[in-house]
Amino acid sequence: MWSKYLPEKLLDRFAELTDSESSDILQTYFLEWRKELQKRELNRQALSMLKSAKSLRISWKVKRNKQIIKELFDIGFGVCEKKAVCNWQQGAENAFMYGYLLGVQSQKNNTSQDSKHKK
């Protein structure tokens with residue numbers, strides 16, 4: 001399906017040469033194909049990030065700090081609120097932010113250690 005030309009123009013040309021049902025079917029396949037390409041690219045990026053996190057020993061730091069991560073999730077989820085909030089997304093974002101901060105700190109530490117070794 002991929003072409004160096006604009007695929008949309010090819011779809012338009014196909015629509016001119018066929019009936020609307022055939023055109024709709026092809027467009028559906030094309031949209032599904034593009035979604036699958038995007039999923040595959042996101043998966044590739046995610047695997048690359050996980051590999052990078054492991055090389056920076058972030059996963060070790062995360063495992064060591066499971067209790068604080070659970071507490072951050074619970075705060076975002078609303079466990080500490082008087083009324084039930086149950087905000088799963090906010091809990092996940094809090095846990096992610098903590099992991100992100102660990103990664104930034106680890107990268108800064110690695111950078112400063114590398115500069116010390118070069119001197």
Side-chain angles (χ1 to χ4, degrees):
M1 282 203 187
W2 191 253
S3 170
K4 64 181 179 179
Y5 308 107
L6 290 174
E8 288 79 13
K9 291 198 184 245
L10 292 174
L11 291 173
D12 290 343
R13 182 68 179 140
F14 183 82
E16 291 171 9
L17 298 172
T18 61
D19 61 358
S20 64
E21 185 178 350
S22 298
S23 178
D24 290 344
I25 291 170
L26 182 62
Q27 285 185 352
T28 301
Y29 282 131
F30 179 73
L31 291 175
E32 289 297 318
W33 175 75
R34 286 182 66 173
K35 280 187 210 174
E36 290 302 317
L37 278 181
Q38 290 172 342
K39 281 185 198 177
R40 187 174 65 191
E41 179 59 23
L42 284 173
N43 181 270
R44 188 193 64 74
Q45 289 176 8
L47 289 173
S48 174
M49 287 180 197
L50 285 174
K51 184 178 178 182
S52 177
K54 287 179 182 178
S55 71
L56 293 172
R57 299 186 65 185
I58 294 170
S59 59
W60 175 77
K61 290 178 183 179
V62 167
K63 286 178 184 176
R64 195 178 71 186
N65 295 304
K66 279 188 177 181
Q67 290 177 329
I68 190 71
I69 292 170
K70 182 182 180 324
E71 187 63 27
L72 287 165
F73 179 84
D74 288 348
I75 289 169
F77 189 71
V79 171
C80 302
E81 302 291 324
K82 290 180 181 178
K83 292 184 176 182
V85 177
C86 300
N87 189 343
W88 184 272
Q89 182 67 31
Q90 187 60 50
E93 286 176 16
N94 287 356
F96 171 80
M97 292 295 278
Y98 181 70
Y100 181 80
L101 289 173
L102 285 176
V104 169
Q105 288 173 348
S106 180
Q107 193 154 9
K108 283 182 182 177
N109 290 342
N110 285 345
T111 304
S112 66
Q113 287 175 1
D114 288 345
S115 64
K116 286 179 186 177
H117 290 292
K118 288 181 182 178
K119 290 182 180 180

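Along the sequence shown, residues carry numbers from 1.
The OG1 atom of Thr18 sits 10.5 Å away from atom CZ of Arg13, with the distance rounded to the nearest 0.5 Å. The distance from atom CG of Leu47 to atom CG of Leu42, rounded to the nearest 0.5 Å, is 11.0 Å. Interatomic distance, CG of Asn43 versus CD of Gln38, reported as 13.5 Å (0.5 Å rounding). A distance of 11.5 Å separates CD of Gln27 from OG of Ser22, quoted to the nearest 0.5 Å.
Within 6.0 Å of the CD atom in Glu16, the count of heavy atoms belonging to other residues, nucleotides or ligands exceeds 12.
The side chain to side chain contact (heavy atoms under 4.5 Å, CB included) search around Glu41 returns Arg44, Gln45, not counting sequence neighbours.
Ile75 and Ile68 are not part of a single hydrophobic cluster, where members link through side-chain heavy atoms under 4.5 Å apart.
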Counting only pairs under 3.5 Å, give me each side-chain donor-acceptor contact of residues 92-99, with atom names and distances, residues two or more places apart or in other chains.
{"unit_1": "Glu93", "atom_1": "OE2", "unit_2": "Gln89", "atom_2": "NE2", "d": "3.1"}
{"unit_1": "Asn94", "atom_1": "OD1", "unit_2": "Gln90", "atom_2": "NE2", "d": "2.9"}
{"unit_1": "Asn94", "atom_1": "ND2", "unit_2": "Leu72", "atom_2": "O", "d": "3.1"}

